[in-house]
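This is a predicted model, so every value here is computed, not measured.
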Amino acid sequence: MKEYYRLSKNNKQEIAENLIDILVKNVPPTKDTRIFIGNWILTDRSEKFKAYYDVWELVLANYYPESRPILFRAISRKSKSEYIASFTGSAYTAEKFSNDNGYWIVCDTKDTLMPEEPKHRKGNYRNTFYPLSEVLQKAKNNGGWGFSDRLLRNYSGENEYIMKIDFSVMQLLKFIK
């Protein structure tokens, strides 16, 4: 029987706020946030339940990133629905995950994010992303912050970003080798 990852509404809010504060205020993650990040990284899409997506919805609506990378995601087939997923800032990594078939989603965040001062729009951001790799890199540079050595060693270089798939601002490309 699968064990569902559940969080109360209050826990979701606390984790979301802590994820934002890690990057904005340079605070270390709480135990619940470390567990959330570890579970997110170590589970595949079929094992991610509503609690994960609720937290990321809160983060993405309230966090405005400073960097503007080009993000990639490999998918096996087209989907019309919007959903939150992991992207990478590395074309090499996207190619590795594509298994030489399917599609790539490409998003140039310089084109999708408004250059205006974002402070007045918290709670209403759209097409933002969260640089999860920055959190792991900060942890690695600050004594681990309670993450396991294995997690930091294996995933801090993944260049992972969390973003909602929205084809109105992204390109869908067929992978051809």
Side-chain angles (χ1 to χ4, degrees), residues 15-16 18-24 26 29 33 36-48 52-118 121-141 147 151-152 154-177:
I15 292 170
N18 187 229
L19 283 164
I20 293 168
D21 288 346
I22 291 167
L23 296 179
V24 174
N26 205 32
T33 302
F36 175 84
I37 290 170
N39 286 346
W40 175 267
I41 290 171
L42 298 173
T43 58
D44 66 20
R45 186 166 180 231
S46 68
E47 297 174 310
K48 290 185 171 109
Y52 292 106
Y53 300 108
D54 288 348
V55 170
W56 287 125
E57 286 282 352
L58 290 168
V59 171
L60 295 176
N62 292 288
Y63 176 74
Y64 198 82
E66 292 182 25
S67 63
R68 298 291 184 270
I70 295 175
L71 301 177
F72 304 92
R73 177 169 174 81
I75 56 174
S76 57
R77 64 187 190 292
K78 294 179 189 179
S79 173
K80 291 182 180 177
S81 64
E82 289 186 8
Y83 60 93
I84 293 173
S86 293
F87 282 73
T88 180
S90 164
Y92 171 78
T93 302
E95 181 181 12
K96 183 174 78 173
F97 282 112
S98 73
N99 294 321
D100 294 339
N101 62 33
Y103 298 87
W104 274 14
I105 301 171
V106 180
C107 180
D108 186 347
T109 60
K110 283 182 229 162
D111 294 337
T112 62
L113 295 176
M114 303 300 251
E116 65 201 30
E117 185 67 28
R121 295 189 54 207
K122 278 189 176 181
N124 294 315
Y125 295 137
R126 182 129 171 86
N127 303 322
T128 64
F129 61 90
Y130 185 83
L132 188 57
S133 57
E134 282 184 33
V135 173
L136 296 178
Q137 196 56 50
K138 280 183 176 225
K140 200 172 184 180
N141 294 339
F147 288 106
L151 184 88
L152 291 176
N154 293 344
Y155 298 98
S156 66
E158 286 287 321
N159 206 7
E160 183 174 354
Y161 298 81
I162 309 303
M163 188 175 200
K164 184 179 280 190
I165 294 174
D166 178 356
F167 290 114
S168 70
V169 295
M170 299 174 178
Q171 302 299 312
L172 182 66
L173 308 172
K174 175 78 172 139
F175 184 85
I176 299 174
K177 184 157 180 151

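- Taking Ser156 as the reference, Leu136, Gln137, Lys140 meet the side-chain contact (heavy atoms from CB on, under 4.5 Å) condition, with sequence neighbours excluded.
- The heavy-atom pair separating Leu23 from Pro131 by the smallest distance is CD1-CG, 3.6 Å.
- For Thr128, there are no side chain to side chain donor-acceptor pair (under 3.5 Å) partners two or more places apart in sequence or in a different chain.
- Under the side chain to side chain donor-acceptor pair (under 3.5 Å) criterion, Gln171 pairs with no residue at all, not counting sequence neighbours.
- Side-chain rings of Phe36 and Tyr52 approach one another, their centers coming within less than 6.0 Å.
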Quiz: residues 70-77 side-chain donor-acceptor pairs under 3.5 angstrom, not counting sequence neighbours:
from	atom 1	to	atom 2	distance (Å)
Arg73	NH1	Ser86	O	2.7

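- With rounding to the nearest 0.5 angstrom, the OH atom of Tyr130 is 10.0 Å from the CG atom of Leu60.
- Atoms CG and CG, on Leu58 and Leu19 in that order, are 10.0 Å from each other to the nearest 0.5 Å.
- Rounding to the nearest 0.5 Å places CD of Glu134 at 8.5 Å from CD of Glu66.
- A distance of 7.0 Å separates CG of Leu113 from CG of Asn127, quoted to the nearest 0.5 Å.
- Annotation: side-chain contact (heavy atoms from CB on, under 4.5 Å) contacts of Asn18 (sequence neighbours excluded): Ile22, Val27, Pro29, Thr30, Thr33.
- Under the rule for a side chain to side chain donor-acceptor pair (under 3.5 Å), the partners of Asn159 that lie at least two apart in sequence or sit in another chain are Tyr161.
- Looking only at distances, a side-chain donor or acceptor of Lys48 sits under 3.5 Å from a matching main-chain atom of Trp40.
- Put simply, the side chain of Tyr103 does not reach to within 4.5 Å of the side chain of Leu173, judged on heavy atoms.
- A donor-acceptor contact shorter than 3.5 Å is absent between the side chain of Tyr63 and the backbone of Ala16.
- Of all non-hydrogen atoms in Ile165 and Ala85, the two that sit nearest each other are CD1-CB, 4.0 Å.
- Contact record, Trp104 with Ala94: NE1-O, 3.6 Å, taken as the closest heavy-atom pair.
- A heavy-atom distance below 4.5 Å is not found between the side chains of Glu95 and Thr93.
- Not one N or O on the side chain of Ser67 forms a donor-acceptor pair closer than 3.5 Å with the backbone of Pro69.
- Applying the side chain to side chain donor-acceptor pair (under 3.5 Å) rule to Lys164 yields the partners Glu57; only residues at least two apart in sequence or on another chain are considered.
- Qualifying side-chain contact (heavy atoms from CB on, under 4.5 Å) partners for Asp111, counting only residues two or more places apart in sequence or in other chains: Asp108.
- A distance of 9.0 Å separates CD1 of Ile162 from OG of Ser133, quoted to the nearest 0.5 Å.
- Under the rule for a ring pair (Phe, Tyr, Trp, His ring centres under 6.0 Å), Tyr155 has no partner lying at least two apart in sequence or in another chain.
- In this structure, the separation between CG on Leu132 and CE on Met163 is 14.5 Å, given to the nearest 0.5 Å.
- Although no hydrogens or angles enter the test, the distance criterion places no donor-acceptor pair under 3.5 Å between the side chain of Asn39 and the main chain of Leu42.
- Residue Ile15 forms a side chain to side chain contact (heavy atoms under 4.5 Å, CB included) with just one option from Val59, Ile37, Val55, Asp54, and that option is Val55.
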